[in-house]
Amino acid sequence: MRLVFSPEQIREATIRLASRINQDYNGHQIHLIGVLKGAFIFLADLVRHITVPCSVDFVRLSSYGAGTETSGTVREVMPLVEPVTGRHVIVVEEIVDSGLTLARLLESLERQGPASLRVCTLVDKTGRRRVRIPVHYRGFHVQDGFLLGYGLDLDERYRNLPGIYVMEEGDAPSRNP
Ligand code: IMP
Ligand code: MG
């Protein structure tokens, strides 16, 4: 595994994204929706740099199972609790890949009539995008590669790493960095 984004780079990107959100929503209240499980670390760090009034909710979607490629079907494992009607909603993801997960979520949020709806992702991985996703806030752009750490997992492992790593050819999935 090779380090691609250090904890310091992630911190800088997170602060930059939060500042832009604070500017854009100045005078408004926002509702952040974290997509579990992957976004739990990013959202926790992001929210601590948000200065406009905000609330937080989570939705849990799953599309990967145990592999490194999307299965194409998105399951809603844990639905949203709070209604989003009339609220300024920002969906927070740690990574957007094919876009299928978000497309499905955005569609169902849109149906509830939010005041506005935007997407904030730490990593925008565009090489395998299958549907167009409007990403308003993105920390990093990568073309491809399977990333691990800072919430990103391979079969539930490595989420705890403070930096983001890319899996390299010949990596044994069971090895630690
Ligand atoms: P998408 O539906 O293909 O956009 O993928 C959405 C979800 O797949 C993300 O929220 C992640 O949980 C997971 N995912 C996508 N790319 C990666 C990766 O490189 N490493 C780990 N998980 C990933
Ligand atoms: Mg995710």
Side-chain angles (χ1 to χ4, degrees), residues 1-7 9-10 13-14 17 21 31-47 56-80 84 89-111 117-177:
M1 271 154 74
R2 178 171 53 82
L3 183 71
V4 278
F5 304 117
S6 68
Q9 286 174 301
I10 295 171
T14 304
L17 292 174
I21 291 172
H31 187 58
L32 301 170
I33 298 179
V35 184
L36 293 173
K37 298 178 191 173
F40 80 111
I41 296 179
F42 176 48
L43 178 55
D45 283 343
L46 182 77
V47 79
V56 173
D57 198 3
F58 290 98
V59 63
R60 183 162 165 208
L61 304 172
S62 179
S63 66
Y64 267 54
T68 60
E69 257 180 66
T70 181
S71 63
T73 47
V74 181
R75 289 182 309 137
E76 192 169 273
V77 184
M78 184 184 101
L80 279 176
V84 301
V89 175
I90 304 178
V91 174
V92 179
E93 266 280 25
E94 80 292 1
I95 193 165
V96 182
D97 183 13
S98 73
L100 292 171
T101 308
L102 264 191
R104 154 91 189 267
L105 177 62
L106 293 175
E107 216 179 83
S108 77
L109 290 173
E110 204 64 80
R111 274 200 297 273
L117 181 58
R118 288 188 168 182
V119 172
C120 175
T121 185
L122 181 61
V123 181
D124 193 6
K125 182 162 79 176
T126 52
R128 294 188 300 183
R129 192 64 42 88
R130 280 160 64 176
V131 282
R132 212 186 65 81
I133 295 288
V135 175
H136 300 93
Y137 306 101
R138 72 167 173 191
F140 304 109
H141 170 247
V142 297
Q143 189 58 30
D144 216 333
F146 196 76
L147 304 182
L148 298 169
Y150 198 76
L152 293 155
D153 74 305
L154 173 65
D155 203 6
E156 295 305 325
R157 297 197 58 197
Y158 308 111
R159 292 194 200 273
N160 55 314
L161 301 177
I164 296 181
Y165 296 77
V166 66
M167 225 167 79
E168 294 191 297
E169 199 102 350
D171 270 352
S174 60
R175 213 168 57 196
N176 269 313

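Position 1 is the first residue of the sequence, and the numbers go up from there. One-based numbering, in listed order, for ligands and for the atoms of each. Just so it is clear, the structure is predicted and the values come from calculations on it, not from any experiment.
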Are any of the heavy atoms in G145 under 4.0 Å away from ligand 1?
-> yes
Between CG of L36 and CG of L43, what distance do you get to the nearest 0.5 Å?
-> 8.5 Å
Go through the steps for I10 and F140 under the test side-chain contact (heavy atoms from CB on, under 4.5 Å), then give the verdict.
-> CA-CA 9 Å; I10 295 171; F140 304 109; 4.2 Å; yes
In this structure, CG of L105 is separated from CD of E107 (nearest 0.5 Å) by 10.0 Å
CZ/F42 to CD1/I164 distance, rounded to the nearest 0.5 angstrom?
-> 9.5 Å
How does R128 reach ligand 1, by side chain, by backbone, by both or by neither, if only non-hydrogen atoms under 4.0 Å count?
-> neither
Can you tell which of R104, R159, E93, K125 gets a heavy atom nearest to atom 19 (O) of ligand 1?
-> K125
Does an N or O anywhere in F146 fall below 3.5 Å from an N or O of ligand 1?
-> no
Could you tell me which atoms of ligand 1, counted from 1 in the order shown, lie closer than 4.0 angstrom to a heavy atom of T101?
-> 1 (P), 2 (O), 5 (O), 6 (C)
Atoms in ligand 1 with a heavy atom of S98 nearer than 4.0 Å = 1 (P), 2 (O), 3 (O), 4 (O)
Determine yes or no for a side-chain-to-main-chain donor-acceptor pair under 3.5 angstrom, with H31 supplying the side chain and V89 the backbone.
-> no
R138 meets the salt bridge (Lys or Arg N to Asp or Glu O under 4.0 Å) criterion, sequence neighbours left out, with D124
Under-4.0 Å heavy-atom contact with ligand 1, by part of K37 that carries it | neither
With atoms numbered from 1 as shown, which atoms in ligand 1 lie under 4.0 angstrom from a non-hydrogen atom of L147?
-> 18 (C), 19 (O), 20 (N), 21 (C)
Taking E93 as the fixed residue, which of T101, I133, I33 is the one that meets the side-chain contact (heavy atoms from CB on, under 4.5 Å) rule?
-> T101
Just jot down the ligand 1 atoms closer than 4.0 angstrom to any heavy atom of D153, in number order.
-> 21 (C)
Can a non-hydrogen atom of V35 be found less than 4.0 Å from any atom of ligand 1?
-> no
E156: side-chain contact (heavy atoms from CB on, under 4.5 Å) partners, not counting sequence neighbours | K37, D153, R159
Consider ligand 1: state whether an atom of it lies below 4.0 angstrom from any non-hydrogen atom of G38.
-> no
Measure the distances from the heavy atoms of E94 to every atom of ligand 1 and state whether one is below 4.0 angstrom.
-> yes
